[in-house]
Participant: 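A single structure is presented below for examination.
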There are 2 protein chains.
Amino acid sequence: MKYSKATNYALHTMLYMMAISPDKPVGVQPLADAQKVSPTYLSKILTKLVKAGLIESASGANGGYRLRGRQEDISFLDIIHAVEGTASLFECCGSGDSRCLIHQEMLSAEQAMEEKLRNTKIYEIAQKHPMSR
Amino acid sequence: MKYSKATNYALHTMLYMMAISPDKPVGVQPLADAQKVSPTYLSKILTKLVKAGLIESASGANGGYRLRGRQEDISFLDIIHAVEGTASLFECCGSGDSRCLIHQEMLSAEQAMEEKLRNTKIYEIAQKHPMSR
DNA sequence: TTAATTACAGACTTAATGTATCCATGATAG
DNA sequence: CTATCATGGATACATTAAGTCTGTAATTAA
Ligand code: SF4
Ligand code: SF4
């Protein structure tokens, strides 16, 4: 029960992009360097963000990744869902039995966390962050 | 990023004990039967609950497991922490850098979920639950 | 048109963790 | 003493995470 490293990479990458180059596309290499992670691996993660519609990609020279849509609306939850998936944290008998209280309570607790993550935007973090790593 | 099956087993077992036999010790066999899980495996999980002080165990004939302390105080969070551990869900550079906002926000979101789980007691569930599975 | 640059996809390897079984040991009641 | 019960260690198996490698497609600059 832990967030994957991939989620960590994704959050940092989004923060980095927003802080450094919010407009121009940036290649995977500098993004990978900044986090000391392999470019090919990071590219896999970024592709998930692309498919989730959070960023867009451009092939070819001067290509790379760029933020998409209204930057100030991108939440932590968006990024986490893009990387970890949207399935519930608590899976039991499979039947979404609405009578079961254990199930309901666990779901409710998870939603409390999601609510918090939904209301936390990277944009706000990007403003204040020392970007020192 | 999922709760382990062990957590599921632990929650059900605690609910079962509280609903069926809140006083007398019950062996691992009937507990395992009720969830169609191997007794030896479940016993490992129960041992964690023992070490966390949520239940107590008695060896020998007529032994087994029994709830401990004030039953109405046992929360979901107690059980989950006993099984999954108490480490944070989000681990990054390791340095508990208090300047880092990503870290802070993730921690804060997790605490929102924990707060919910802390305020959810199995005792209340045990009252209402149909116990049908 | 060609060559350099860049993202993308799939197969693959390795490591870590979760799930589960088996058995030996020890404690306890009758 | 014996049957019953929990505990611990070793082991095996499955699943997922983490990372690498390589080829392909798209795009731009020369
Ligand atoms: S009783 Fe509830 S928590 Fe348990 S397996 Fe059924 S739906 Fe899931
Ligand atoms: S910048 Fe913050 S979130 Fe990132 S590795 Fe450092 S402490 Fe962790």
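In what follows, chains are A, B, ... by sequence order, proteins preceding strands, each numbered from 1. No experiment lies behind these values; they were computed from the predicted model shown.
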Participant: Just the rounded figure in Å: distance from P of C:dT6 to CG of A:D33.
Facilitator: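 So the two atoms are 12 Å apart, to the nearest Å.
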Participant: Closest nucleotide of DNA chain D for A:A6 versus for A:S59: which of these residues is on the 5' side?
Facilitator: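 Mapping each residue to its closest nucleotide by heavy atoms, the 5'-most match is A:A6.
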Participant: How do A:G60 and A:S38 order along DNA chain D: which one's closest nucleotide is nearer the 5' end?
Facilitator: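 Nearest nucleotide further toward 5': that of A:S38.
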Participant: Under a 4.0 Å N-O cut-off, is there an ion pair linking A:E105 with B:K116?
Facilitator: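 Judged by the 4.0 Å cut-off on N to carboxylate O distance, A:E105 and B:K116 do form a salt bridge.
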Participant: From D:dT20, D:dT7, D:dA29, pick the nucleotide closest to the side chain of A:N62?
Facilitator: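 So the side chain of A:N62 is nearest to D:dA29.
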Participant: What is the distance from OH of B:Y41 to P of C:dC23, rounded to the nearest Å?
Facilitator: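 Computing the B:Y41:OH to C:dC23:P distance gives 20 Å.
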Participant: Establish whether the base of D:dG9 is bridged to the side chain of B:K44 by a donor-acceptor pair shorter than 3.5 Å.
Facilitator: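 Such a pair exists between side chain and base.
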Participant: Taking everything shown except B:Y123 itself, do over 12 heavy atoms lie less than 6.0 Å from its OH?
Facilitator: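 Incorrect, the count does not exceed 12.
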Participant: By nearest nucleotide on DNA chain C, pick out whichever of A:G63 and A:K51 is the more 5' one.
Facilitator: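 Result: A:G63.
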Participant: Using atom CD of A:E56 as one end and atom C1' of C:dC8 as the other, report the distance to the nearest whole Å.
Facilitator: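 Going from A:E56 (CD) to C:dC8 (C1'), I get 16 Å.
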Participant: OP1 or OP2 of D:dT16 versus the side-chain N and O atoms of A:S4: is any pair under 4.0 Å?
Facilitator: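 So the side-chain polar atoms of A:S4 never come under 4.0 Å of the phosphate oxygens OP1 or OP2 of D:dT16.
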Participant: Remember a base hit wins even if backbone is also touched, and classify A:K48 as base, sugar-phosphate or nothing at under 4.0 Å, heavy atoms.
Facilitator: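 Touches nothing.
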Participant: If you check the A:T40 side chain, which of D:dT7, D:dT20, C:dA29 turns out closest?
Facilitator: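 Per side-chain heavy atoms of A:T40, the pick is D:dT20.
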Participant: If I take atom OG1 from residue B:T7 and atom NZ from residue B:K2, how far apart are they, to the nearest 0.5 angstrom?
Facilitator: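 Going from OG1 on B:T7 over to NZ on B:K2, the span is 12.5 Å.
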Participant: Tell me the interatomic distance from A:K36, atom NZ, to D:dA18, atom C1', rounded to whole angstroms.
Facilitator: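 These atoms are roughly 18 Å apart.
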Participant: Once you apply a heavy-atom cut-off of 4.0 Å, does A:V37 come out as touching a base, just sugar-phosphate, or nothing?
Facilitator: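 Here A:V37 touches no strand at all.
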Participant: Tell me which nucleotide among C:dA7, C:dA20, D:dG8 gets nearest to the side chain of A:Y65.
Facilitator: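 Of the options given, the side chain of A:Y65 lies nearest C:dA7.
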Participant: Please report the distance, rounded to the nearest Å, between NZ in B:K2 and P in C:dT19.
Facilitator: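 Whole-Å distance recorded here is 12 Å.
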Participant: Salt bridge or not for A:E72 and A:K121, using N-O below 4.0 Å?
Facilitator: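 No salt bridge links A:E72 with A:K121.
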Participant: Taking for each residue the nucleotide of DNA chain C with the nearest heavy atom, is it B:E84 or A:V28 whose nucleotide lies nearer the 5' end?
Facilitator: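 Upstream on the strand: A:V28.
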Participant: Which heavy atom of B:Y65 sits nearest a heavy atom of B:S43, and at what distance?
Facilitator: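 Of all heavy-atom pairs spanning B:Y65 and B:S43, the closest is OH-O, 4.0 Å.
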Participant: Whole angstrom is fine here: how far is it from CG in B:N8 over to P in C:dA20?
Facilitator: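 Distance check: B:N8 CG to C:dA20 P gives 11 Å.
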Participant: In this structure, how many angstroms lie between the P atom of C:dA29 and the NZ atom of B:K24, rounded?
Facilitator: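 B:K24 atom NZ is separated from C:dA29 atom P by 14 Å.
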Participant: So which atom in A:R118 and which in A:S75 form the shortest heavy-atom distance, rounded to 0.1 Å?
Facilitator: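 Nearest pair, atom of A:R118 first, then A:S75: O-CB, 3.3 Å.
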Participant: Within the structure shown, what part of the strands sits under 4.0 Å from B:S43 by heavy-atom distance: base, sugar-phosphate, or nothing?
Facilitator: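 Result for B:S43 = base.
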Participant: CE of A:M1 versus P of C:dT17: gap in Å, rounded?
Facilitator: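 The distance from CE of A:M1 to P of C:dT17 comes to 16 Å, rounded to the nearest Å.
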Participant: Which part of the nucleic acid, if any, lies within contact of B:Y9, taking any heavy atom under 4.0 Å across all strands shown: a base, the sugar-phosphate backbone alone, or nothing?
Facilitator: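 Contact class for B:Y9: sugar-phosphate only.
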